[in-house]
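Report on the following structure.
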Amino acid sequence: MSDDLSRLTSSAYSQALEVIAAVEPRIAEATRAELADQRGSLKLIASENYASLAVLLTMGTWFSDKYAEGTVGHRFYAGCQNVDTVESLAAEHARELFGAEYAYVQPHSGIDANLVAFWSILAHRVESPALEKLGAKNVNDLSGADWESLRAELGNQRLLGMSLDAGGHLTHGFRPNISGKMFHQQQYGTDPVTGLLDYDVVAAKAREFKPLILVAGYSAYPRRVNFATMREIADEVGATLLVDMAHFSGLVAGKVFTGDEDPVPHAHVVTSTTHKSLRGPRGGIVLATEEYAPSVDRGCPMVLGGPLSHVMAAKAVAFAEARQPAFQTYAQQVADNAQSLAEGFKRRGATLVTDGTDNHLVLLDVSGYGLTGRQAESALLDAGIVTNRNSVPGDTNGAWYTSGVRLGTPALTTRGFGHDEFETVAELIVTVLQNTEAGTTKAGGPSKASYVLGEGVADKVKDASAEMLEKHPLYPGLDLA
Ligand code: DSN
């Protein structure tokens, strides 16, 4: 951004915050504080990033005020001509970016995108054939008995996905999530020794369970997936392959994952968030083949509330950014930096799930330091390092305390961190963990939450981070002082 534009943007933000402060000063204050916190800490949450100012600014407009349930040219409200422009453009950019036959840009989040995908697959694979058999045009034409039998059939389908502790997402059939309640679900894990996906085991499970939907994709698996093989497995058992690429869509867009590692040519339906490695606004998308397009298109109002038109506009801006060659350089750097981080840990004797990474994230098993994930996460936060605790395969500490910490490189790569900085990040994290001890409960027993961080460690680590953070400022030129 040129100096002139930076000055204008700073001034625009300062004035906008004054407008907000005139109504609710505490929100203006929290907004300033959030920028200061994000600027002053090492953000290593694998699912977070920093969207560009163009993306952020696009979200703050009057498109927020418009209702537009339905689809382009087919709305349940009048006056949607400008929303149509926005939605068409966002979908066009998404199709071009990912080489997809069809793109649906309305989902408000990744969970919403997965719900749209589930119901579109159910509509296409179960509802439509049932209606055809009964000679009905839509469900309203069905008699009470036929409707009840269709409802029972819709509720009797099977889904096979990756288990949460192996790195799958809670929407991939985890029992406490709606996906685990909507479907008869089973899950596949990873090899107990290597921590890697074993496609023969997935295939054997699929043959035995015969799912309607095979879900591939992950939130905390530090490796790439062969989607061509997953499609072969799906085809063999008659399943629809749904890939949730929420975490790694930036690496797909940036052409780091190509061929068998690119889900789009292999899956029937692909879902994603738009704010993680893809670096757009918070939201979701669904990509699909022409075959599934009509049922995905029914996402709103079947599953979703009215589209967030201001966010769809920001998606269009973010996708336009991701179509630039610079995004490919960024995505490659995200993967290279994850390698540097993993190597830095390994040299310092840390234990990594799967012994490394080949995507954007590293899953550190902290049990060797005598800590739970929760204790490690809290101690790191004290030292200005923002991470999230995460289960590791076979975790005995459960999903609340966990035994791991998940670390991702997308955000700090956006700030310009490279190999040397991630080497230092590994060093700082290991320093914190080596200097943290598990605490005790009030009654004096072992605690999974409390911890004691060695004196002076947090300040030492913060000083070392400050040097790197100052060298790679967040939103350089944006001065809100
Ligand atoms: N919250 C996202 C993540 O951190 O992976 C997924 O729900």
Side-chain angles (χ1 to χ4, degrees), residues 38 41-51 107-118 159 161-182 187 190 215-225 242-252 257 263 270-286 303-304 311 334-335 338 341 353-354 357 359-364 373-374 376-378 380-381 385-393 395 398-414:
Q38 293 208 22
S41 56
L42 290 174
K43 189 203 271 212
L44 286 157
I45 292 183
S47 48
E48 292 186 7
N49 211 326
Y50 304 104
H108 310 158
S109 71
I111 288 186
D112 288 8
N114 282 347
L115 273 179
V116 169
F118 293 151
L159 176 142
M162 193 181 207
S163 66
L164 194 67
D165 74 339
H169 190 250
L170 67 164
T171 54
H172 299 176
F174 185 51
R175 270 192 194 169
N177 180 262
I178 189 166
S179 58
K181 297 180 170 74
M182 268 170 63
Q187 305 202 299
T190 45
V215 184
Y218 51 79
S219 283
Y221 179 65
R223 297 289 174 178
R224 301 183 186 193
V225 173
L242 166 61
V243 175
D244 178 347
M245 63 170 183
H247 259 263
F248 53 89
S249 53
L251 301 187
V252 177
F257 290 2
V270 177
T271 57
S272 183
T273 50
T274 46
H275 49 274
K276 297 187 173 95
S277 54
L278 193 49
R279 209 164 61 181
R282 302 198 75 76
I285 49 168
V286 182
V303 173
L304 301 173
V311 180
V334 166
L341 184 63
V353 172
T354 77
T357 177
N359 56 23
H360 65 296
L361 72 89
V362 170
L363 189 53
L364 187 58
R374 167 117 189 237
E377 177 194 86
S378 304
L380 288 167
L381 186 63
I385 302 176
V386 190
T387 65
N388 72 285
R389 62 189 185 278
N390 208 99
S391 299
V392 299
D395 206 313
W400 181 251
Y401 293 109
T402 80
S403 303
V405 172
R406 188 185 65 166
L407 307 152
T409 55
L412 290 178
T413 304
T414 295

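Just so you know, ligand 1 is whichever comes first in the structure, and atom 1 is the first atom listed for that ligand. Keep in mind that the numbers below use all heavy atoms, side chains included, and drop hydrogens, waters and symmetry copies.
Inter-residue side-chain proximity for Thr273 and Ser109 is flagged as unmet; no heavy-atom pair is nearer than 4.5 Å. Between Val286 and Val270 the shortest side-chain heavy-atom distance does not fall below 4.5 Å. The side-chain heavy atoms of Thr271 and Leu242, taken from C-beta on, include a pair separated by under 4.5 Å.
Side-chain atoms of Ser47 and Arg406 include a donor-acceptor pair closer than 3.5 Å. Between Thr402 and Arg389, the side chains place no donor N or O within less than 3.5 Å of an acceptor N or O (distance only, hydrogens not considered). Judged purely by distance below 3.5 Å, without hydrogens or angles, the side chains of Asp244 and His172 pair a donor atom with an acceptor atom.
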What does the N/O contact table under 3.5 Å look like for ligand 1?
| residue | atom | partner | partner atom | Å |
| --- | --- | --- | --- | --- |
| ligand 1 | 4 (O) | Ser47 | OG | 2.7 |
| ligand 1 | 4 (O) | Arg406 | NH2 | 2.7 |
| ligand 1 | 5 (O) | His247 | NE2 | 2.7 |
| ligand 1 | 5 (O) | Arg406 | NH1 | 2.9 |
| ligand 1 | 7 (O) | His169 | NE2 | 2.7 |

